[in-house]
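Please read the structure below before turning to the comments.
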Amino acid sequence: MKQGGETRQRNSSHVHDPPFVIRHSLFAIHHCPPMPNSPVRVRFAPSPTGYLHVGGARTALFNWLFARNRGGKFVLRIEDTDDARNTEAAREAIFGGLRWLGLDWDEGPEVGGDFGPYYQSQRKAIYDSYLAKLETAGRTYTEENGAVRFKFSRQPIVVTDLVCGDVHFAATEEPDMTIRRPDGSYIFHFVNVVDDIEMKITHVIRGEDHLSNTWKHIDLMHAFGVHPPRYAHIPLILNPGGSKMSKRDEGSAIESYVNEGYLPDALFNYLCLVGWTPRAEDEKLDRQKLVSLFDASEIHSANARWDMTKCKWFNAQYLREASPDALLDAARPFLKAAGYDAEAFAHASAALQSVKEKVSLLGELPGWVHFFFREDYPFEDDAVARLKAKPDNKALLQAVAAVLSSAGEWNEASVHAAIDQVAAQNSVKPGAIMPLLRFALSGQTRGPGVTTIAHLVGKESTVRRIARACAEVLP
RNA sequence: GACCCAUUCGUCUAGCGGUUAGGACACAUCCCUUUCACGGAUGCGACACGAGUUCGAUUCUCGUAUGGGUCGCCA
């Protein structure tokens, strides 16, 4: 665990290089960290070229946590400089995904702010003016085809990183980088740096895949005569195979969690734990707690694999804790998708409560409660087999139906009493009748307590269900 | 190939020189139980390797190996 502000030496051959000297900047720069008391401003800067990816969502989450923890601003900026690859659908997936997770942005699209526009496609004039500064300083040159390149300083550069410590890069031998295409559009590294300057970003929290390029950004910052922001490069999320999560991996799109029936709070909680360990007794923590506990300098530096099983476990935990109303609301679209209207059964909420600790995902719910909503439920093979296992079963069921149909009260206790009565009369244990009743009432071998099922569906339906089972399965 | 980051149970991790190396998920067994589950208990299970430094290394240094990432007129 790293301590805040600690500077760690890396096993780099440049550890002993002196602090680098800036020779090619427009202005003299004193080598000092950014003002510690300036208000925190962080940003999430996705490119709308695909879906919102779990890695992107986690990056947004860490930025959001940092901003909320420090009372700063969380900015959303859309990096759509390559318009050939941007789609409306991808933009909606990003906004929708962030909102679903509860990652509200203080400035950005649909919200506004003092540093807009927040689409890079609308900021060309700003980029042009910054390019002019570079040209004036003699830090650019134009290729024959019109592309513009930035002349690297070719000095050693140190990246000061909250997560990785001081990372030293030797004077580069790479070709100067292109910052503007022949058609006049700008390249990522350039616009990213310009906007971070313009939007007064104080901390850049992003994936570790950017670490190797950060020296280029710092080189540009220096050329503009500004201090670079603080950096925090967070570890990558790996798939179960151990390589960077990509669109092809299961669970890479946030949308899939929405569709499978995760609760936003559950994903939020698990996402926090990938790359960071809150200093708390438990791993299950609410948003407020996570915000107050968040410390960017405690983010891990090693990549982590995505554990879908554990993610699911968190969802199961949150499902069990959901209030009846919240569970009903969350389940409603999933019931609808399976063809059941939550309003069609008076005790829908109670039905859901009766199975909530049996499932991990909202999407599993319909399979556990469908028989509450209809009486023509199918009889599963193993239920049929169990019903047919003993010749006495039909008589037992009919006896139960007879007693139940004359029951005065209708509650779980009275149903239980009826079963006990039939059991005694037939010299069998109640435990021999319970399963049969379950098969008859639900068509399944597993499910809520059988007295609960009978109670919720009511007396008439219970008797009808037994009669149908006897007629169709035990003719 | 060059450069950068990393390496503790199967997975996520705690650990910041001396611990029976702790927890969570998963798995196994038992208890509970009308089913399926929940819950409870117990168990299984790790410091990549090699040199240093040190009285003593999981912990510090160097090297090796392995994994990941970056080297675009993608972001």
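Both backbone and side-chain heavy atoms feed into the values below; hydrogens, waters and symmetry mates do not. Here the structure is a predicted model, which means the values were calculated and not measured.
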Give none if B:rC44 has no partner; otherwise give the nucleotide forming a Watson-Crick or G-U wobble pair with it, both distances under 3.5 Å. none
Let me spell it out: for each of A:Thr452 and A:Thr309, pick the nucleotide of RNA chain B with the closest heavy atom. Which residue's pick is nearer the 5' end? A:Thr309
With respect to the phosphate group of B:rC74, does any side-chain polar atom (N or O) of A:Arg181 fall under 4.0 Å of OP1 or OP2? yes
With a cut-off of under 6.0 Å to the ring centre and 45° to the axis, is A:Arg287 in cation-pi contact with A:Phe268? yes
Classify the ring geometry of A:Phe152 against A:Trp215: parallel below 30°, tilted from 30° to 60°, perpendicular beyond 60°. tilted
Tell which nucleotide pairs with B:rG18, taking only Watson-Crick or G-U wobble pairs whose two distances are both under 3.5 angstrom. B:rC55
Just do the side-chain contact (heavy atoms from CB on, under 4.5 Å) check on A:Arg465 and A:Tyr377 with the steps written out, would you? CA-CA 10 Å; A:Arg465 286 166 190 243; A:Tyr377 46 89; 3.2 Å; yes
Using a 4.0 Å heavy-atom cut-off, does A:Gly242 contact any base of the nucleic acid, only the sugar-phosphate backbone, or nothing at all? sugar-phosphate
Per the under-4.0 Å heavy-atom filter, residues of residues 185-193 of chain A near RNA chain B come out as A:Ile187, A:Phe188, A:His189
Looking at B:rG69, does its base get a donor-acceptor pair with the side chain of A:Ser212 below 3.5 Å? yes
Could you identify which residues of residues 415-434 of chain A place a heavy atom less than 4.0 Å from some atom of RNA chain B, listed by residue number, or say none? A:Met434
For A:Ala304, which contact category applies under a 4.0 Å heavy-atom criterion: base, sugar-phosphate, or nothing? sugar-phosphate
Side-chain ion pair, A:Glu409 and A:Lys459, N-O less than 4.0 Å: no
Considering only atom C1', compute the distance from B:rC12 to B:rU35 and round it to an integer number of Å. 33 Å
Please work out if A:Asp209 contacts a base, only the sugar-phosphate, or nothing of the nucleic acid, heavy-atom cut-off 4.0 Å. sugar-phosphate
At less than 4.0 Å, is any side-chain N or O atom of A:Arg206 found next to OP1 or OP2 of B:rG69? Yes or no. no
Rounded to whole Å, please give me the gap between CG in A:Asn303 and C1' in B:rU66. 14 Å
Once you measure the plane-to-plane angle for A:Tyr340 and A:Phe373, does it fall in the parallel (<30°), tilted (30-60°) or perpendicular (>60°) bin? tilted
For B:rG1, give the paired nucleotide (Watson-Crick: N1-N3 plus N6-O4 or O6-N4; G-U: N1-O2 and O6-N3; both under 3.5 Å), or none. B:rC71
Please report whether the ring centroid of A:His217 lies less than 6.0 Å from that of A:His189. yes
Whole-Å distance, A:Phe314 CZ to B:rC25 C1', equals 8 Å
Contacts of A:Arg123 meeting side chain to side chain donor-acceptor pair (under 3.5 Å) (sequence neighbours excluded), chain-then-number -> A:Asp195
Is any side-chain nitrogen or oxygen of A:His168 closer than 4.0 Å to OP1 or OP2 of B:rC4? no
Protein-nucleotide distance (A:Glu173, atom CD; B:rC3, atom P), rounded to Å: 10 Å
Paired with B:rG39 by Watson-Crick or G-U wobble geometry, both distances under 3.5 Å: which nucleotide is it? B:rC31
Without decimals, in angstroms, what is the distance between A:Ile179 CD1 and B:rA75 C1'? 16 Å
State the syn/anti category of B:rC38 according to its glycosidic angle, syn meaning within 90° of 0. syn
Contact class for A:Gly207 (heavy atom, under 4.0 Å): base, sugar-phosphate, or nothing? nothing
Are the side chains of A:Tyr270 and A:Cys272 in contact, using a 4.5 Å heavy-atom criterion? no
When you check the phosphate oxygens OP1 and OP2 of B:rU13, does a side-chain N or O of A:Arg279 lie under 4.0 Å from one of them? no
Residue-level proximity of residues 387-395 of chain A to RNA chain B when a heavy atom falls under 4.0 Å: none
Rounded to whole Å, how long is the line connecting atom CG of A:Asp196 with atom P of B:rA75? 15 Å
Check whether the side chain of A:Lys310 and the base of B:rA24 form a donor-acceptor pair under 3.5 Å. yes
Can you check the distance between B:rA46 and B:rG23, where both ends of the measurement are the C1' atom (answer in whole Å)? 14 Å
Does this structure show an ion pair linking A:Asp196 with A:Arg77, if we count only N-O contacts that are shorter than 4.0 Å? yes
Is A:Asp382 salt-bridged to A:Arg386, going by a charged N under 4.0 Å from an acidic O? no
Face-on cation placement of A:Lys216 at A:Phe150 ring, 6.0 Å and 45° thresholds: no
Please give the nucleotide sitting opposite B:rA24 as a Watson-Crick or G-U wobble pair, both distances under 3.5 Å, or none. B:rU11
Please list, chain by chain and in numerical order, all residues satisfying side chain to side chain donor-acceptor pair (under 3.5 Å) with A:Tyr262, sequence neighbours excluded. none
Looking only at side-chain N and O atoms, does A:Thr81 come under 4.0 Å of OP1 or OP2 in B:rA75? yes
Record whether the side chain of A:Arg438 comes under 3.5 Å of the base of B:rU34 through a donor-acceptor pair of N or O atoms. yes
Base, sugar-phosphate, or nothing: which does A:Pro448 touch, judged by heavy atoms less than 4.0 Å apart? base
At under 4.0 Å between heavy atoms, what does A:Arg180 touch on the DNA or RNA strands: base, sugar-phosphate, or nothing? nothing
Is a salt bridge present between A:Arg154 and A:Asp176, judged by a nitrogen-to-oxygen distance below 4.0 Å? yes
Do the numbers put A:Arg58 on top of the ring of A:Phe62, so that NZ or CZ is under 6.0 Å from the six-membered ring centre and no more than 45° off the axis? yes
Does the B:rC73 base have a donor-acceptor partner in the side chain of A:Asn145 within less than 3.5 Å? yes
Partners meeting salt bridge (charged side-chain N to carboxylate O under 4.0 Å, His left out) with A:Arg446 (sequence neighbours left out): none
Position toward the 5' end of RNA chain B (nearest nucleotide), A:Arg305 or A:Pro175: A:Arg305
Starting at atom CG of A:Asp176, determine the distance to atom C1' of B:rG72, rounded to an integer number of angstrom. 14 Å
Select base, sugar-phosphate, or nothing to describe what A:Glu283 touches, counting heavy atoms under 4.0 Å on all strands. base
To the nearest Å, give me how far apart CG (A:Leu211) and C1' (B:rA2) are. 16 Å
If you look at every strand shown and take non-hydrogen atoms under 4.0 Å, does A:Lys244 touch a base, only sugar-phosphate, or nothing? sugar-phosphate
What is the pairing partner of B:rU66, taking Watson-Crick or G-U wobble pairs with both distances under 3.5 Å in any strand? B:rA6
Does A:His233 reach a base, just sugar-phosphate, or nothing at all? Heavy atoms under 4.0 Å. nothing
Using a heavy-atom cut-off of under 4.0 Å over every strand shown, decide if A:Thr445 touches base, sugar-phosphate, or nothing. base
